[in-house]
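Structure, as structure tokens:
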Amino acid sequence: MIHFIVGVVTSANYWFIVLRSTAPILLVTLGAVITAQAGIMNMALEGSMLWAALTGVIVSAATQNVWIGLLAGIGASVLVALVLGLFALKLDANPVLSGVALNLVATGGTVFVLFSLTGDKGISSSLASKVLPSLSIPVVKDIPWIGKVVSGQNIVVYIAAVSVVVIDLILRRFAIGRRIRATGENVEAARAAGINPVRIKFFTLIISGILAGFAGCFLSMGYTSNFTSGIAAGRGYVANAAQVVAGGTAVGSIFAAMLFGLTDAMATYLQNIGLMPELIQALPYAVTILGFVVVTFVRDRREAERKRKLFAGTQMQKEKTDAA
């Protein structure tokens, strides 16, 4: 077993699959991060991915153009995010409950639409949908081992990498990032400073919708070549947990998403050694949740220790002052 695992993790093909598996969870984690920084949790990411995946397949099949399908999928995802914003920000509904409700509607709604169009409740194989292209990177493709891992990935994998940089710049370098953080930390203070919190939160929801749209379309038009019922497979919920581990940063999202990608890729190989299919399917989620629990526990311990030392230092300084 050990030799098998060592052989897997040293192969270029394994790491190729890791990057492919990490891309969709990374995109939705980035979407969860930016909305959380504005003080609103986008629990509708799962539903956004489902509608994006189905819409992308339907429109690309109807137009025979993959890019129009991609744009339509992203548009559907953004629409879900805007509906969440309408309920949570305009109608003052609970954003978590609203997001879960939208996910439930998406779970049943996508199956209903798929059945209405194809007569099949499970897969869109009867639709001649297009597939997002893979890119071969000049020079890099000729580098031993690295070329096999990095080059030849689907275009959305590279979009995910670029998205990390873009979200990091938005949150840390641009003025809008300061407004987002100010809104998330204290709405009233942000409003007093001339910031419109509702507008900022809608902005972050739109960004998260775009990112979830890319992820959803990738699942049905890149990761696979068809839409299947429940294709998001809980990634939207995992992303909301991952954003906590990410610590509100785009770079942190990489490590949180990579944990899922590593185990998801390993599950692909474990199918060949006779393990129970149900166990293999649950492995990425179980390991990811366990990893999140460990990371959160360690981080909380460090934060508690820091506060304890700070309190002890304050007490010591007070004692010295009283003695003087």
Side-chain angles (χ1 to χ4, degrees), residues 18-20 22-42 44-45 48-49 52 67 70-71 73-75 77-78 81-82 84-85 89 132 135 137 140 150 153-187 189-191 193-218 222 235-236 238-261 295 299:
V18 167
L19 293 184
R20 187 186 68 178
T22 300
I25 195 72
L26 175 58
L27 284 164
V28 286
T29 299
L30 290 170
V33 164
I34 194 168
T35 55
Q37 287 295 290
I40 180 170
M41 182 172 287
N42 186 356
L45 288 169
S48 293
M49 294 175 70
W67 305 114
L70 176 63
L71 289 175
I74 293 172
S77 178
V78 170
L82 290 176
L84 175 63
L89 303 177
L132 292 164
L135 299 181
I137 305 176
V140 174
V150 178
Q153 293 280 2
N154 189 277
I155 187 172
V156 177
V157 176
Y158 304 114
I159 290 174
V162 173
S163 297
V164 174
V165 178
V166 173
I167 298 301
D168 184 66
L169 289 174
I170 289 175
L171 291 177
R172 297 200 306 117
R173 300 294 182 183
F174 295 162
I176 186 67
R178 292 191 290 273
R179 294 174 184 172
I180 290 172
R181 292 196 303 274
T183 300
E185 290 172 3
N186 191 314
V187 172
R191 188 177 285 111
I195 299 171
N196 187 328
V198 173
R199 185 178 300 173
I200 292 296
K201 291 182 179 183
F202 264 113
F203 171 77
T204 60
L205 284 171
I206 290 172
I207 296 297
S208 71
I210 292 172
L211 294 169
F214 274 116
C217 288
F218 174 57
R235 287 178 174 85
V238 172
N240 275 291
Q243 68 87 12
V244 177
V245 179
T249 66
V251 176
S253 300
I254 298 175
F255 301 102
M258 185 68 77
L259 181 59
F260 181 89
V295 170
R299 190 174 62 189

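Residue numbers run from 1 in the order of the sequence given.
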**Report entry** Intermediate values then yes/no, side chain to side chain contact (heavy atoms under 4.5 Å, CB included), Leu82 and Ile206
**Finding:** CA-CA 7 Å; Leu82 290 176; Ile206 290 172; 3.8 Å; yes
Report task. Quick one: pull up CG in Asn240 and CG in Asn42 and give me the separation to the nearest 0.5 Å. Result -> 7.0 Å
Requested in this report: Start with the C-alpha distance between Thr183 and Lys201, add both sets of side-chain angles, then the distance that settles side chain to side chain contact (heavy atoms under 4.5 Å, CB included), and finish with yes or no.
Outcome: CA-CA 8 Å; Thr183 300; Lys201 291 182 179 183; 3.8 Å; yes
Query raised in the report: At their closest point, which heavy atom of Gly209 faces which heavy atom of Ser77, and how far apart are they?
Result: O-OG, 2.6 Å
Query raised in the report: Atom CG of Leu205 and atom CG of Leu84: how far apart are they, to the nearest 0.5 Å?
Result: 5.5 Å
Query raised in the report: Quick one: CE on Met49 to CG on Leu211, what's the gap to the nearest 0.5 Å?
Result: 11.0 Å
**Report entry** Nearest-0.5 Å distance, CZ of residue Arg235 to OG1 of residue Thr29
**Finding:** 11.0 Å
Requested in this report: For Ile195 and Arg178, run side chain to side chain contact (heavy atoms under 4.5 Å, CB included): C-alpha distance rounded to whole Å, both residues' side-chain angles, the deciding distance at 0.1 Å, then the answer.
Outcome: CA-CA 10 Å; Ile195 299 171; Arg178 292 191 290 273; over 6 Å; no
Query raised in the report: Should we say atom OH of Tyr158 is surrounded by more than 12 heavy atoms from elsewhere, each under 6.0 Å from it?
Result: yes
**Report entry** Taking every non-hydrogen atom, the tightest pair across Pro24 and Ala215
**Finding:** O-CB, 3.6 Å
Report task. Start with the C-alpha gap between Ile207 and Thr35, add the side-chain angles, then the distance that decides, and say whether side chain to side chain contact (heavy atoms under 4.5 Å, CB included) holds. Result -> CA-CA 8 Å; Ile207 296 297; Thr35 55; over 6 Å; no
**Report entry** Minimum side-chain heavy-atom gap Thr22-Phe260 below 4.5 Å
**Finding:** no
Query raised in the report: How about Arg20: does its CZ atom have over 12 heavy atoms from other parts shown lying under 6.0 Å from it?
Result: yes
**Report entry** Closest heavy-atom pair and its distance - Leu45, Ser208
**Finding:** CD2-O, 4.1 Å
Query raised in the report: Under a 4.5 Å cut-off applied to non-hydrogen side-chain atoms, are Ile210 and Val78 in contact?
Result: yes
Query raised in the report: Is any side-chain heavy atom of Ser163 less than 4.5 Å from a side-chain heavy atom of Leu27?
Result: yes
Report task. Would you check if Phe203 and Ile180 make a side-chain contact, meaning some heavy-atom pair closer than 4.5 Å? Result -> yes
Query raised in the report: If we only count heavy atoms from C-beta on, is the Leu89 to Ile40 side-chain gap below 4.5 Å?
Result: yes
Query raised in the report: Which heavy atom of Val150 sits nearest a heavy atom of Ile137, and at what distance?
Result: CG1-CD1, 4.1 Å
Query raised in the report: For Leu132, does its backbone N or O pair with a side-chain atom of Asn154 as donor and acceptor, under 3.5 Å?
Result: yes
Query raised in the report: Is any side-chain heavy atom of Phe218 less than 4.5 Å from a side-chain heavy atom of Ile155?
Result: no
Report summary line: Closest non-hydrogen contact found for Ala160 with Leu26 is O-CD2, 4.0 Å
